[in-house]
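Inspection log for the structure reproduced underneath, given as structure tokens.
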Number of protein chains: 2
Amino acid sequence: MSDPNAPTESKSARTRSAIIDAALRLFREKGYDDTTMRAIAAEAGVSVGNAYYYFDSKERLIQGFYDRAQVDHAIAARSVLDSETDLARRIIGVTDAWLQTMEPYRQFAGKFFKNAAEPTSPLSPFSPESSPARLAAIELWREVLEGSDTRIPKKLRADLPELIWLYFMGIVLFWVYDPTPDSSATRKVSARTAPLVVRAIGLTRLPVVGGMLDDIVALIGEVRQVFPTTEETT
Amino acid sequence: MSDPNAPTESKSARTRSAIIDAALRLFREKGYDDTTMRAIAAEAGVSVGNAYYYFDSKERLIQGFYDRAQVDHAIAARSVLDSETDLARRIIGVTDAWLQTMEPYRQFAGKFFKNAAEPTSPLSPFSPESSPARLAAIELWREVLEGSDTRIPKKLRADLPELIWLYFMGIVLFWVYDPTPDSSATRKVSARTAPLVVRAIGLTRLPVVGGMLDDIVALIGEVRQVFPTTEETT
DNA sequence: GGTAGGAGTTGAACGTGTTCAACTCCCTTG
DNA sequence: CAAGGGAGTTGAACACGTTCAACTCCTACC
């Protein structure tokens, strides 16, 4: 239960990841719907029932996809993070890195989003189960901000990474609906909106806008209270 | 095909709406997942196969829900639209009307949204199949704007109803995730953000903000090109 | 009245995700 | 070594959404 290096665990861990491997391979080749649990089990060399011993449902296999995507994205984003200092270009670059990472899974992205969209689903990006992946993602966007030469107004410093992540979720949402075969529409929207985001951050310093911002920040704080987000460590 | 008062049609139309009635009743009572097509068919007094003659799939039954909800919402919003002139209060009132209309279906709202979220699904609010309902909804928000005493800047006049509808979709999204039993969190967010929306419209007149707005409006125009939205009448 | 043909209707059958009672291992304890 | 027991594993069985060949009914035309 708390002994991660026990050799006992590695066997089951290997079975576990064999199932994810098989699942993702088949998802990529044939799409989500056309991949049956029987096929996944066969490909992984286990029985159907055994696959269900490790994963509650077919949807749960997508969580494995999530986690890997998150890691791959962080890797793909590295070069931009280390070389670029202009904020807008950092945002665009990191978004592009995501698009490249996701390309192979494009065709079943819709399905994966569909599952993520159901609030009661553990796959929802806002669910407790997704907390680690979400927090890691927000952390990535914090680095995007902090490594740039744009100065962030004090008021915003705490919440901005999460807000940018939300903006990015919007881009992802757009991508899911994007009918262009090479995601060019998404790339265009990203390239056009990122400078606007940066400008909006600047506008925050105007008194009128700043007043509105105070309201928004306060509202965000209150809303956070409503959701059970496992973040309070008291 | 083009003879709506032919008595021939009314029989099948009656069967059709008997199925929707049965479906919505059961959805409300037992939730979406716990309602089987067999149960719906039995409740409607038809065979399973027959239900599939009228509706491609179980999901399609939700479209019927959509359409009715849209009509009910328009009715429920009437009194606010006819009595209130303050824009923020109009927005809040119309949103409240929606929340009241939807209350009975709250428990399966998540499911219905899940289905709507898949881009390839005809249930997506952006799909051609949903076009009529969507356009009707946008029309409702146009009335919200036009019946108010707030003057809308020229630049925005054409696109604002759709933008407000998008804002409202955001509220709906929040509602779907809202864990409070009486939707109080959603009501609060609505009450707090509506005045901000109104203020933001005002800010549009500032040169700096106006410049950004031009970019956004131009981008919206380009993005519209990408989607096959059946709206061009050439 | 008879008949062709389409619209409407049926329920058995199929494929799928999921469950479960039973089984096999293998480690621990005496 | 024996007994116990828990983790891991199995595939048949179940319930559901969906399909389809066959059927019935009704209308239109001669």
Side-chain angles (χ1 to χ4, degrees), chain A residues 1-20 22-23 26-27 30-65 108 111-112 114-115 118 120-123, chain B residues 1-20 22-23 26-27 30-65 108 111-112 114-115 118 120-123:
Chain A
M1 195 195 272
S2 57
D3 192 1
N5 59 338
T8 318
E9 282 201 351
S10 80
K11 170 68 186 308
S12 63
R14 232 177 307 125
T15 306
R16 206 188 149 80
S17 69
I19 295 171
I20 297 190
L26 291 173
F27 287 168
K30 316 178 53 173
Y32 181 80
D33 279 343
D34 288 346
T35 302
T36 68
M37 285 302 281
R38 285 163 180 82
I40 294 172
E43 180 92 358
V46 300
S47 72
V48 187
N50 196 214
Y52 276 92
Y53 180 76
Y54 288 101
F55 298 92
D56 291 353
S57 67
K58 191 181 176 186
E59 293 192 359
R60 280 289 187 142
L61 287 166
I62 300 180
Q63 196 114 40
F65 165 67
F108 88 93
K111 281 296 175 329
F112 120 84
K114 164 182 175 166
N115 293 303
E118 189 181 12
T120 57
S121 159
L123 292 174
Chain B
M1 195 194 269
S2 57
D3 193 359
N5 59 340
T8 319
E9 281 202 351
S10 79
K11 169 71 186 308
S12 63
R14 231 177 307 124
T15 306
R16 205 188 150 79
S17 71
I19 295 170
I20 296 191
L26 291 173
F27 287 167
K30 316 178 53 174
Y32 181 79
D33 278 342
D34 288 346
T35 301
T36 68
M37 286 301 282
R38 286 165 180 81
I40 294 172
E43 180 91 0
V46 299
S47 71
V48 187
N50 197 215
Y52 276 93
Y53 179 79
Y54 288 100
F55 298 91
D56 290 353
S57 67
K58 191 181 176 187
E59 294 192 358
R60 280 290 186 141
L61 286 167
I62 300 181
Q63 196 113 40
F65 165 67
F108 89 93
K111 282 296 175 326
F112 119 84
K114 164 180 175 167
N115 293 303
E118 189 181 10
T120 58
S121 159
L123 292 174

Validation row: A:Phe55, A:Gln63 side chains within 4.5 angstrom (heavy atoms): no
Euclidean distance, atom CZ of residue B:Arg38 to atom P of D:dC14 [Å, nearest integer]: 14 Å
Nearest-neighbour nucleotide for the B:Thr15 side chain, C:dT9, D:dT18, D:dT9 considered: C:dT9
D:dT10 OP1/OP2 closer than 4.0 Å to side-chain N/O of A:Tyr52: no
Whole-Å gap separating P (D:dG8) and CZ (A:Phe55): 13 Å
Distance (rounded to the nearest 0.5 Å) between B:Thr36 OG1 and B:Glu43 CD: 10.5 Å
5' precedence on DNA chain D between B:Lys58 and B:Asn50 (nearest-nucleotide basis): B:Lys58
Positions of residues 39-46 of chain B (non-hydrogen atom under 4.0 Å from DNA chain C), listed by number: B:Val46
First encountered from the 5' end of DNA chain C, between B:Tyr53 and A:Val48: B:Tyr53
Atom of B:Ala18, atom of B:Ala44 and distance for their closest heavy-atom approach: O-CB, 3.8 Å
5′-ward residue of the pair A:Thr36/B:Ala51 relative to DNA chain C: B:Ala51
Atom-to-atom span, CG of B:Asp33 to P of D:dC16 - whole angstrom: 11 Å
